[in-house]
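Working notes, beginning with the structure itself.
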Amino acid sequence: MIQRGNTIFKAIPIPEFDSEIVSLYVTFSQYGKKVLEKTLDDVDFDTLGTINNNVLIHLTQDESLKFKYTGIPAKDMVKIHLRIRTEDEEAYSSQILIEQVGETINEEVI
């Protein structure tokens, strides 16, 4: 869930690559439009539990407030898509992930 007005951390598992990752984009879209995009400089990599490689994404309060909440589940979906290119020109694309947006009453950064 993307809870609006909160600091959010997302982890997306990725495969092992034979060469260094040189380009990365995590795109968040809602209503068919790009709302937010994170690049290689904006993310971290780590091991979580039994999954060896994860892209860790941090969203600030301001960023989480960019997503709209209507109260209609079909409209309150955010699509998240990860794309990676490695040094040896391999390209990787994740499946599109779907997250629901949560309601907040006060739409200000605290």
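Bear in mind the structure is a predicted one, so any value in this text is a computation, not a measurement.
Put simply, CG on Asn54 and OG1 on Thr47 are 7.5 Å apart, with the number rounded to the nearest 0.5 Å. To the nearest 0.5 Å, the span separating NE2 on His81 from CD1 on Ile98 amounts to 11.0 Å. Taken to the nearest 0.5 Å, the CG atom of Leu40 stands 9.5 Å off from the OH atom of Tyr25. Going from atom OG1 of Thr60 over to atom NZ of Lys66 covers 7.5 Å, rounded to the nearest 0.5 Å. Going from atom CG of Leu59 over to atom OG1 of Thr7 covers 9.5 Å, rounded to the nearest 0.5 Å. Of the inter-residue distances, the one linking Asn53 atom CG with Ile21 atom CD1 reads 7.5 Å to the nearest 0.5 angstrom.
Residues satisfying the side-chain contact (heavy atoms from CB on, under 4.5 Å) criterion with Glu108, sequence neighbours excluded, are Asn106. Annotation: salt bridge (Lys or Arg N to Asp or Glu O under 4.0 Å) contacts of Glu37 (sequence neighbours excluded): Lys34. Scored by the side-chain contact (heavy atoms from CB on, under 4.5 Å) test, Pro15 finds Phe17, Tyr92 as partners (sequence neighbours excluded). The side-chain contact (heavy atoms from CB on, under 4.5 Å) search around Glu90 returns Thr86, Asp88, not counting sequence neighbours. Here Asp44 pairs with nothing under the side chain to side chain donor-acceptor pair (under 3.5 Å) rule; sequence neighbours left out.
Proximity of Ile80 to Ile57: side-chain heavy atoms (C-beta onward) are nowhere separated by under 4.5 Å. Taking 4.5 Å as the limit, every side-chain heavy atom of Ile8 sits out of range of all side-chain heavy atoms of Phe67.
Side-chain N or O atoms of Lys38 include one that pairs as donor or acceptor with a backbone N or O of His58 at under 3.5 Å. For the pair Arg4 (side chain) and Glu103 (backbone), a donor-acceptor distance under 3.5 Å is absent. In this structure a side-chain-to-backbone donor-acceptor pair under 3.5 Å is present from Ser64 to Gly5.
Across Glu99, Gln100, Glu63, a single residue satisfies side chain to side chain contact (heavy atoms under 4.5 Å, CB included) together with Ile2, and that is Glu99.
In plain terms, the two heavy atoms of Gly102 and Met1 that are nearest each other are CA-SD, 3.7 Å.
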>> Is there a side chain to side chain contact (heavy atoms under 4.5 Å, CB included) between Leu24 and Leu82? Walk through the geometry before answering.
In response: CA-CA 7 Å; Leu24 178 145; Leu82 169 69; 3.8 Å; yes
> What's the verdict on side chain to side chain contact (heavy atoms under 4.5 Å, CB included) for Thr104 and Tyr69, showing C-alpha distance, side-chain angles and the deciding distance?
Replying inline: CA-CA 8 Å; Thr104 188; Tyr69 177 81; over 6 Å; no
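Residue pairs that meet the salt bridge (Lys or Arg N to Asp or Glu O under 4.0 Å) test with at least one member in residues 69-85, sequence neighbours left out, are Arg85-Glu89.
Note on Leu97 and Phe28: same hydrophobic cluster, where clusters join Ile, Leu, Val, Met, Phe, Trp and Tyr whose side-chain heavy atoms are under 4.5 Å apart, directly or indirectly.
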